[in-house]
Every structure is written in C-alpha cells, then in structure tokens.
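Here's the structure, in structure tokens; my notes come after.
For clarity, every value in this text was computed on a predicted model and none was experimentally measured. In what follows, residues are counted from 1 in the order of the sequence shown.
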Amino acid sequence: MARSAPSEVAGYFITALRHFKPGLPQLLGLISLAIFMTSLISGCSPLYVMRAAYEEGKILWRREPIADYLGKPDLVPDTEEKLRLVLAVREYAKNVLKMNVGGSYSSYSYVDRPDLAYILSAAPRAELAPYTWWFLFVGRVPYKGYFSKEDANEAAAELQAQGYDTYIRTTAAFSTLGWFDDPLLSHLLRYDKVILTDIIFHELLHSTLYVKGAGAFNESLANFVGGRAAIEFFRDKFGENSVEHRQAIQAWEEELEFSEFIGDCASSVDAL
C-alpha cells in the first residue's frame, strides 16, 4: 500500500523555515504569500493553503535534534531504541544507498493529534481511473491531503455529488520532496522497527527522486525501495538470521501477495 503522500503545497511557500525559526510576523507574511500565489496558479482555496502552511510550519517549528532528545533522563527504552534506529537508517540511506538525505530524520517533532493527515482519492463510479489534482512543481497527483478530517469529508462530498466514488485514509508520513529537512514525527514511534524503517526509506526516496505528474510511479517506486531497503538494512545491521531481517522479508512478501490480489481484482473489474 502507499504509506505516504507528498506535502503538496505547504512546503513550497515557507522556504525560509528551512534553516531558522521565524518570528510571528515573518511566518504570517509567508503564509499570506502562499495564499496569494497558490490561489493564482494551483486552483487551491486560500483556506486550504493557509491550513496546510500553518500545520507544516508547526511541524518544522517543533523540530528538535534527535541527538539532544536522546539525552533526556526520562526517555523510555523503546523510544530510545527506535530513535537510534532512525539515525542508523538515515546513515545507511546516505552512505550505502546514496539517497538525498540532507538533514532529514536527524530531528524529532511532536504531533499533537493521533493522525497526521487525511488523504482523499476518487474515481468515476464506472471505471478504474483516478481523479487527479494539479499542483505547482509536482504536477497532477491522484490524491489530495488534508490536515482536518472535516475538510476531507467536505471535499469528498463535493466529488460524490459530481458522480465520483471517494476514499479517505490516514497517512503515516509525508515528504516535502527535499525542500525541507523532514523530522521524525512523534506518532511514527508507535510502529514496529520494520515498518518504521520502511517508512523512512520510502520518504527519503521521494526526496531523492520524484517525477512530476507520475503519482502512481512515484508511490510504487517508493514502496519497492522502502520494502527492499529495509530487508538489506536489517541484514547488514543484525544478520540474515536476525528476527528483524526475517520480519522485513515477510512484510515484503505479504505486500507482493496483496498487490497481486489487487491487480487480479482490477483486471476482473476492467473486463466486466
């Protein structure tokens, strides 16, 4: 399954957050610029852009170096183990896989809600063809992200009124495609080590390679790299007979099995 969706709009207009924490006037100015520019060129409503910029700004504002976070005296062992794993994964991605890592996943950011974002997708009721949205820089994508469930439901209702079937899911993470140093989001720590590792490789692949307007290719490639890189990482770190390596292999085999099942179902529906 696709575990993520790029941060389609928010990141592109608050670039000044990349290396420093702005004051409130600067942040408001950047959000205003986002609203103005995006209303002209992307078809997004100003409120959508303002909410996206605000939520992305909070995530970047709350970044704290993982190395500093590891020094907290009240850090529970499971959290410490996963934080150290994240640092090891990013180093593997950088040094072994030669990904565009930058400063991503060297910091930690608290998310103050159980689900990070809601992803809306849609298709005509009589065919398996995705409805697409157009965004500057990334082109057409077969999904749109919302930080509010109510906003996602409202957008879905509008599409349903136009004759589309819709589907809303939550997302574990998203990539700003290298525009920012993406932090490790706090709610990702609830996943086991294999899934967490897969997600990080997946998102770093988006930062390394993203083909404009090719949403299915981008997500399929990131899924492939995430699953296969996790297998290689755990083999090199813990050995071929390790529990983590075997779990990574099993997760990948299950994903292939499910993908084959979905592919067969899609072929049957197309034939009908």
Side-chain angles (χ1 to χ4, degrees), residues 1-8 82 85-102 104-105 116-117 119 121 123 128-130 132 135 137-143 145 167 169-179 182 184-185 188 191-240 242-267 270:
M1 69 179 184
R3 293 193 175 91
S4 68
S7 178
E8 297 127 338
K82 289 179 180 177
L85 174 69
V86 168
L87 294 180
V89 169
R90 71 179 303 275
E91 288 302 310
Y92 190 91
K94 176 183 177 181
N95 298 325
V96 178
L97 302 181
K98 307 303 180 182
M99 289 186 178
N100 178 26
V101 173
S104 291
Y105 296 103
L116 174 63
I119 306 303
S121 56
L128 294 178
T132 60
F135 295 97
F137 301 117
V138 299
R140 289 202 167 273
V141 292
Y143 45 71
Y167 175 62
R169 65 176 176 87
T170 59
T171 181
F174 59 76
S175 169
T176 56
L177 308 184
W179 284 75
D182 294 321
L184 173 72
L185 303 176
L188 290 177
Y191 295 104
D192 64 40
K193 290 186 290 184
V194 172
I195 294 177
L196 177 60
T197 298
D198 187 333
I199 290 173
I200 294 173
F201 281 131
H202 180 121
E203 302 305 338
L204 288 176
L205 191 279
H206 281 319
S207 295
T208 304
L209 174 65
Y210 191 86
V211 180
K212 182 177 179 179
F217 168 78
N218 291 321
E219 290 302 330
S220 296
L221 179 61
N223 283 345
F224 172 79
V225 171
R228 295 299 306 178
I231 293 173
E232 301 299 317
F233 169 78
F234 286 117
R235 182 201 63 193
D236 292 348
K237 185 171 180 61
F238 298 115
E240 290 188 351
S242 65
V243 173
E244 293 86 354
H245 183 245
R246 293 198 301 270
Q247 287 176 340
I249 292 175
Q250 181 180 353
W252 177 243
E253 290 175 345
E254 289 175 353
E255 180 147 347
L256 290 179
E257 182 179 5
F258 182 68
S259 297
E260 183 178 0
F261 168 74
I262 291 295
D264 290 343
C265 287
S267 297
D270 279 335

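- Between Glu219 and Tyr143, some side-chain heavy-atom pair lies under the 4.5 Å cut-off.
- Interatomic distance, CZ of Arg90 versus CG of Leu97, reported as 13.0 Å (0.5 Å rounding).
- No donor-acceptor pair under 3.5 Å is formed between the side chain of Asp198 and the backbone N or O of Val194.
- Between the CG atom of Leu188 and the NZ atom of Lys82 there is a distance of 10.0 Å, given to the nearest 0.5 Å.
- From Glu232, atom CD reaches atom CZ of Arg228 across 6.0 Å, with rounding to the nearest 0.5 Å.
- Using bins of under 30°, 30° to 60° and over 60° for the plane-to-plane angle, the ring pair Phe238/Phe234 lands in the parallel bin.
- Not a single donor-acceptor pair under 3.5 Å links the side chain of Asn218 to the backbone N or O of Tyr210.
- Inter-residue side-chain proximity for Ile231 and His245 is flagged as met; some heavy-atom pair is nearer than 4.5 Å.
- Side-chain atoms of Ser207 and Glu203, non-hydrogen and from C-beta on, never get closer than 4.5 Å to each other.
- Under the 3.5 Å distance criterion, the side-chain polar atoms of Asp182 are left unmatched by any main-chain donor or acceptor of Ser104.
- Counting heavy atoms from C-beta outward, Glu91 and Leu87 have side chains that stay 4.5 Å or more apart.
- For the atom pair SG (Cys265) and CG (Asp270), the distance works out to 11.5 Å, reported to the nearest 0.5 Å.
- Residues Leu184 and Leu196 meet the side-chain proximity criterion, which asks for heavy atoms closer than 4.5 Å.
- A 4.5 Å side-chain heavy-atom check between Tyr191 and Ile199 finds at least one atom pair inside the cut-off.
- Atoms OG1 and CD, from Thr197 and Glu244 in turn, are 9.0 Å apart once rounded to the nearest 0.5 Å.
- Rounded to the nearest 0.5 Å, atoms CD1 (Ile200) and CE (Met99) are 11.0 Å apart.
- Judged purely by atom type and a 3.5 angstrom limit, Arg235 has no side-chain atom pairing as donor or acceptor with the backbone of Ser242.
- Annotation: side chain of Tyr92 is not in contact with side chain of Lys237 (no heavy-atom distance under 4.5 Å).
- Of all the heavy atoms in Leu204 and Ala93, the pair that sits closest is CD1-CB, 3.7 Å.
- Pairing each heavy atom of Ser121 with each of Pro142, the nearest pair is CB-O, 3.6 Å.
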